[in-house]
Amino acid sequence: MTDYDVVVVGAGPAGSTAARTLAQGGARVCLVDKARFPRPKPCGGALSPRTLRHLPSGFEKLVRAHVRRAVFTFRSGKPFEVVSATPMGYMVCRDEFDAWLKARAEEAGVLVREGMSVRTVEDTGARITVRAGGEVFSASTVIGADGANSLVAARLLPARPPARYMALEAEVPQDGHPLDETVLVDVGAYPGGYAWAFPKGDRVNVGVMVQYPGRRGLRAAFAAFVAQQPALPAVAARSQRVAPVAAPGSKPVPCCRPAVLLVGDAAHLADPFLGEGIYYAVRSGRLAASAVLQGAGGTETAVRYANSIEAQVWPDLIAASRVASLFHRMPRWWHHLLSLMPGSLSEVVGVLAGDQTYAGLLRRIVERVDAQAGRWVRRRLGGQGKGGPEVDGA
Ligand SMILES: Cc1cc2nc3c(=O)[nH]c(=O)nc-3n(C[C@H](O)[C@H](O)[C@H](O)COP(=O)(O)OP(=O)(O)OC[C@H]3O[C@@H](n4cnc5c(N)ncnc54)[C@H](O)[C@@H]3O)c2cc1C
């Protein structure tokens, strides 16, 4: 048995970030992953601008495309576009990005064990014991960073709701770079979700996300989206991968107990509106590491972590969940509304840039709807006009 301060299970963005930050703070850390890196990960690979400030320096060389233009469609028709002077997103390939982040953890002094699937995690009271590949690791804290189907969560924080979305995606070669700096986003045919095409230089990532359980229609929705986008290559069935998007419902999901902290997808920390999870994985990885480094261990560390997630992450995810519910109740109406005032989408870009929050965005949507409704009622009371609420500029 080998002893550590912390064993981190899973070397995705959440686990590698937590492990690196801990090692930089002087902790003895072991990072275990069932895969050997570079490994594939079903993901669009879009990094929001706000993610960048939480990454180690040098990530720029991994960016395959800067997104400055987004084309929005409703059932592949009625297009309108939004153009931004500064990048709205930075596109990476997850095999490359995750291998690079894991290497930064190794560089910081983390012992990395790849190709070792964790089979059991036990809380013995005094220590946490992790068994993987015939080896036994013991630590005072385990960080569960093992993704949406987390074994650490299932064993030590069970009775969790399922992930909110299922997605199907493919990352395939693309000749001629027809998308360049443009992302395509289609709504209306994907209950609770959307379809996307993200440029990656000589590759393109195409996907469809729907509310869970909705897996049955996924392949048909994906095929219809690809067939209707002239810029996209044909995507063979063998390239397509299905995976959960670990966004929460409308309520927070418990993320810790004494000696056990969950981060990233294992803690259901993905955006319920867009499905963005890398930002929250990296954020929660850092928050977990800082709770361990500052806490006295056990309950105190768990409370510290729970408080920081509650204060710094959940308000935004809950607001994003409400934005998603509002949007998906009437996607046709919202698409039409936004096509009349595409400038208002700069507010969502502001959230991705970290200049605004979903909570602020939700407040402004409610204020505007209130103002419109008030105007409509006043008109009705004054006997003018016969139409319903009208739309004006953002
Ligand atoms: C189709 C799709 C598209 C997405 N697109 C985007 C996007 O464009 N932008 C964005 O920000 N987010 C996106 N997301 C969400 C994003 O992929 C996740 O939120 C993010 O990967 C979470 O990181 P993580 O480190 O928590 O988990 P993961 O990246 O899933 O890493 C978990 C790691 O744990 C390891 N592991 C699992 N079980 C074990 C075990 N028993 N023993 C040892 N190791 C184990 C795995 O091998 C893996 O390396 C998308 C998700 C999906 C499914």
Side-chain angles (χ1 to χ4, degrees), residues 14 43-44 46 48 50-51 72 89 147-150 153 157 159-167 185 187-188 190-196 207-215 243-256 262-284 287 305-335 337-338 344-345 347-370:
C43 182
S48 60
R50 63 183 168 169
T51 312
F72 296 91
N149 299 316
S150 169
L157 277 147
R160 306 166 71 68
R164 178 159 169 170
Y165 297 108
M166 287 305 287
V185 176
V187 297
Y190 323 94
Y194 65 99
W196 70 84
V208 167
M209 170 174 112
V210 298
Q211 190 129 7
Y212 182 85
R215 187 177 173 150
V245 178
S250 54
K251 289 196 193 114
V253 178
C255 64
C256 57
L262 301 177
V263 292
D265 277 9
H268 285 210
L269 299 178
D271 170 345
F273 183 44
L274 300 174
E276 181 192 18
I278 301 170
Y279 168 73
Y280 295 101
V282 170
R283 269 306 294 288
S284 58
L287 292 173
Y305 178 57
N307 286 345
S308 57
I309 291 290
E310 195 179 319
Q312 298 180 47
V313 179
W314 278 115
D316 231 26
L317 291 184
I318 297 299
S321 176
R322 297 207 175 115
V323 171
S325 302
L326 279 175
F327 184 90
H328 292 300
R329 224 169 274 164
M330 300 185 291
R332 181 194 296 274
W333 186 81
W334 280 108
H335 179 82
L337 182 70
L338 293 168
S344 63
L345 276 168
E347 300 204 26
V348 177
V349 176
V351 172
L352 296 176
D355 301 334
Q356 306 199 31
T357 60
Y358 269 119
L361 174 64
L362 182 65
R363 211 168 30 246
R364 279 187 295 281
I365 293 174
V366 170
E367 280 164 9
R368 265 178 223 154
V369 170
D370 266 1

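Reckoned from all heavy atoms, side chains included, excluding hydrogens, waters and symmetry mates.
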Looking at CG of Leu361 and OG of Ser344, how far apart are the two atoms once the value is rounded to the nearest 0.5 Å?
9.0 Å
Taking all heavy atoms of Leu287 and all of Ser308, pick out the closest pair and write down the distance.
CB-OG, 4.0 Å
Which atom names give the shortest non-hydrogen contact between Gly275 and Ala270, and what distance separates them?
O-CB, 4.5 Å
CH2 (Trp334) and CZ (Arg329) are apart, to the nearest 0.5 Å, by 10.5 Å
Could you list the residues that satisfy side chain to side chain contact (heavy atoms under 4.5 Å, CB included) with Ala320, not counting sequence neighbours?
Asp271, Pro272, Phe273, Tyr358
Are the side chain of Tyr279 and the backbone N or O of Leu352 linked by a donor-acceptor pair below 3.5 Å?
no
Go through Gln356 and Val348 one step at a time and tell me if the side chain to side chain contact (heavy atoms under 4.5 Å, CB included) criterion holds.
CA-CA 8 Å; Gln356 306 199 31; Val348 177; over 6 Å; no
Got Pro252 and Ile318 here, is their nearest side-chain heavy-atom distance under 4.5 Å?
yes
How long is the span from the CG atom in Leu269 to the CD1 atom in Ile309, to the nearest 0.5 Å?
5.5 Å
Which pair of heavy atoms, one from Ala281 and one from Ser284, lies closest together, and at what distance?
O-OG, 3.2 Å
Could you walk me through whether Phe327 and Val187 satisfy the side chain to side chain contact (heavy atoms under 4.5 Å, CB included) test, starting with their C-alpha distance in whole Å, then the side-chain angles of each, then the deciding distance to 0.1 Å, before giving a yes or no?
CA-CA 10 Å; Phe327 184 90; Val187 297; 4.0 Å; yes
Flag yes if more than 12 heavy atoms outside Arg332 fall under 6.0 Å of its CZ atom; otherwise flag no.
no
Carefully, step by step, assess Glu347 and Asp355 under the rule side chain to side chain contact (heavy atoms under 4.5 Å, CB included).
CA-CA 9 Å; Glu347 300 204 26; Asp355 301 334; over 6 Å; no
Please confirm whether the backbone N or O of Ala14 pairs with a side-chain atom of Tyr280, one donor and one acceptor, at under 3.5 Å?
no
Begin with the C-alpha distance, continue with both residues' side-chain angles, and end with the deciding distance and a verdict on side chain to side chain contact (heavy atoms under 4.5 Å, CB included) for Tyr165 and Val210.
CA-CA 5 Å; Tyr165 297 108; Val210 298; 5.9 Å; no
For residues Tyr190 and Met209, report the shortest heavy-atom separation together with the two atoms involved.
CB-O, 3.8 Å
Taken to the nearest 0.5 Å, the spacing of Ile365 CD1 from Leu326 CG works out to 6.0 Å
Which pair of heavy atoms, one from Ala195 and one from Val208, lies closest together, and at what distance?
CB-CG2, 3.9 Å
For residues 311-322, which residue pairs qualify under side chain to side chain donor-acceptor pair (under 3.5 Å), counting only residues two or more places apart or in two chains?
Arg164-Ser321, Arg283-Gln312
Quick check: closest heavy atoms across Val245 and Ala163, and the distance to 0.1 Å?
O-CB, 3.4 Å
Value rounded to 0.5 Å, distance of CZ in Arg160 from SG in Cys255:
8.5 Å
Check whether any side-chain heavy atom of Leu262 sits under 4.5 Å from a side-chain heavy atom of His268, and report yes or no.
no
